[in-house]
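Only one structure is covered here, and it is reproduced in the block below.
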Amino acid sequence: MNALSLLSARIVCRLVSSSFIVRRTIWNRSFGSDDRFEFVMEPYKKGLERSESCEFESLRCDDLSVRRGFLEDSKTDAGKVLEVLKQDGPGFDTLVALDELQLKVSGVLVREVLRGILRSINVLNKTQCAKLGYKFFVWSGKVENFNHTAGSYHMIMKIFAECEEFKAMWRLVDEMTEKGYPVTARTFTLLICTCGDAGLARKVVERFIKSKTFNYRPFKHSYNAILHALLGIKQYKLIEWVYQQMLLDGHSSDMLTYNLLLYARCKLGKLDQFHRLLDEMARNGFSPDCHTYNILLYVLGKGDKPLAALNLLNHMREVGSDPSILHFTTLINGLSRAGNLDACKYFFDELSNNGCTPDVVCYTVMITSYTVAGEHEKARELFDEMVIKGQLPNVFTYNSMIRGFCMVGEFEEAYTMLEEMESRGCKPNFLVYSTLVSYLRNAGQLSEAHKVITHMVEKGQYAHLVTKFKGYRRC
DNA sequence: ATAGGGTTAG
């Protein structure tokens with residue numbers, strides 16, 4: 001019995017049995033809140049304490065403190081540069097002022113300055129940010145004993161992308177090529193992300209495929225590199241097109257190509273084509289590997305076929321490809337999308353019997369499963385449990401919890417969660433704010449929604465994304 | 001060494 005025949009077996013089964021459910025240890029809320037805070041802060045502190053706690057290794061300690069000093073100096077210098085750039089305008093010679101700072105220009109300094117500019121971009125200052133960024137980029141590139149890296153090219157390209165200076169991005173790619181910098185998947189991704197229409201995106205792909213300077217390592221050929229980059233930015237439809245180009249160009253698929261295509265087709269929901277490719281793969285003598293199994297588990301989960309998934313897991317063990325925590329997480333995620341919470345719970349309990357330990361991703365997926373199934377209290381319990389077990393919630397976890405509180409209308413608790421993540425050094429991303437704002441708006445709490453946006457902008461974050469809130473109106 | 005698991009709401 002192989003995986004392919006298992007998959008085509010249309011076994012529909014829901015595992016609804018409370019006997020599978022092991023009662024979890026529940027966070028004892030009588031712990032003082034300070035205990036809890038300390039507990040959670042611990043892992044974040046670890047990273048900070050490393051340089052202080054190595055007094056017995058004086059050599060390492062010196063290295064680290066020198067390095068830290070250099071980083072801090074670079075940040076201070078970057079601040080000075082940004083101050084100078086702010087004064088740019090008629091009657092102020094920015095380039096002379098930059099020279100007068102007499103700074104030691106380093107890669108770190110350039111990165112910090114460009115990062116600073118990137119952070120400050122908003123709707124109103126785009127043109128100015130692009131101009132200043134480029135002015136600094138050119139200036140620093142001329143400093144003696146300093147050369148830009150491909151990384152700094154990518155940063156200025158990112159600034160141009162945010163400022164919608166697309167032609168300037170292309171000029172930079174030409175410049176990179178002329179000067180012999182490696183044009184990589186990162187360069188490709190930056191360009192493709194700014195393509196509003198499919199036609200333009202195809203042109204970018206064509207240019208990279210034909211390019212003789214495209215550095216597509218570690219992949220065997222540029223097609224796989226491009227397919228992989230497209231998967232990373234969820235451009236599934238383009239993946240199909242690139243795949244067709246690849247075949248027209250006379251390349252044959254390898255294991256990576258098949259897996260990338262399978263992934264794209266399952267994300268597009270094209271299951272017929274998915275199965276066709278799976279058959280073709282088998283015909284060409286390729287056996288499913290751990291990546292393929294992962295995709296298959298997702299498909300079985302999303303198709304609400306827990307029994308078939310169970311069989312596939314057994315099959316994996318038989319062929320010596322033991323399922324890992326990744327496989328269980330993928331499966332639970334799929335089952336959650338199918339709305340089969342009982343099966344999610346079953347496999348979440350089952351993974352420990354398979355030598356796996358749930359990590360932050362797995363807990364987050366399970367918390368999300370409870371949340372979308374409307375079992376917010378269970379989600380809260382699991383959140384507490386993961387903290388006890390030493391798994392550090394991240395921005396995905398917090399977003400899921402915040403969404404849960406919003407769904408049950410507990411906005412005060414959602415704000416508390418937001419404050420908590422901020423105080424623990426977990427920086428909210430745009431999506432976290434977007435979640436809060438959407439739910440507040442839908443609940444008719446417009447002024448509260450506005451407060452969240454103001455809070456976000458005051459934090460100095462994502463000002464350029466304000467217009468991307470759903471139903472945004474200037475008010 | 002090199003590819004693999006998780007986000008809105010509509």
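Side chains included, hydrogens not; waters and symmetry mates left out as well; all remaining heavy atoms used. The chains referred to below are lettered A, B, ... by the order of the sequence lines, with proteins before strands, and numbering in each begins at 1.
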Rounded to whole Å, please give me the gap between CD1 in A/I233 and P in B/dA3.
17 Å
Does a side-chain N or O of A/N442 approach OP1 or OP2 of B/dG10 to a distance below 4.0 Å, or not?
yes
Counting any heavy atom closer than 4.0 Å, what does A/T364 reach on the DNA or RNA strands: base, sugar-phosphate only, or nothing?
base
How many Å lie between NE2 on A/H327 and P on B/dG6, as a whole number?
12 Å
Nearest-Å distance for atom pair CD1/P, residues A/I239 and B/dA3
15 Å
For A/I325 and B/dG6, give me the distance from atom CD1 to atom P, rounded to whole Å.
13 Å
Tell me: CD1 of A/I367 to P of B/dT8, nearest whole Å?
14 Å
Under 3.5 Å, is there an N or O donor on one side and an acceptor on the other linking the side chain of A/N394 and the base of B/dG6?
yes
At what distance, to the nearest 0.5 angstrom, does CG of A/L436 lie from CG of A/L431?
10.5 Å
If you look at every strand shown and take non-hydrogen atoms under 4.0 Å, does A/Y363 touch a base, only sugar-phosphate, or nothing?
nothing
Could one point to a donor on the side chain of A/D359 or the base of B/dG5 with an acceptor on the other under 3.5 Å away?
yes
Classify A/N294 by what it touches in the nucleic acid, base, sugar-phosphate, or nothing, heavy-atom distance under 4.0 Å.
sugar-phosphate
Nucleotide nearest A/N259 (side chain, heavy atoms from C-beta), chosen from B/dA3, B/dG6, B/dG4
B/dA3
Taking atom C1' of B/dG4 as reference, at what distance in whole Å does atom CZ of A/F328 sit?
16 Å
Counting side-chain heavy atoms from C-beta on, which of B/dT8, B/dG5, B/dA3 comes nearest to A/L256?
B/dA3
Can you list, by residue number, the residues of residues 206-232 of chain A that have a non-hydrogen atom closer than 4.0 angstrom to DNA chain B?
A/P218, A/F219, A/H228
Salt bridge (Lys or Arg N to Asp or Glu O under 4.0 Å) evaluation trace for A/K210 with A/E206:
CA-CA 6 Å; A/K210 286 179 195 154; A/E206 277 171 348; 5.0 Å; no
So does A/E280 pair up with A/R276, basic N to acidic O under 4.0 Å?
no
Report the distance from atom OH of A/Y293 to atom P of B/dA3, rounded to the nearest whole Å.
21 Å
Is A/Y258 near enough to B/dA3 that one of its side-chain N or O atoms lies under 4.0 angstrom from OP1 or OP2?
no
Whole angstrom is fine here: how far is it from CE in A/M366 over to P in B/dG6?
16 Å
Can you say whether the rings of A/Y263 and A/Y236 are parallel (under 30°), tilted (30 to 60°) or perpendicular (over 60°)?
tilted
Any N or O donor-acceptor pair linking the side chain of A/D289 to the base of B/dA3 at under 3.5 Å?
yes
Please step through salt bridge (Lys or Arg N to Asp or Glu O under 4.0 Å) for the pair A/E448 and A/K451, ending with a clear verdict.
CA-CA 5 Å; A/E448 285 294 316; A/K451 265 189 221 165; 3.1 Å; yes
Describe, in one word, how the ring planes of A/F214 and A/F208 are oriented to each other, choosing from parallel (under 30°), tilted (30 to 60°) and perpendicular (over 60°).
perpendicular
Measure the spacing between CG of A/L351 and OH of A/Y346 and express it to the nearest 0.5 Å.
11.0 Å
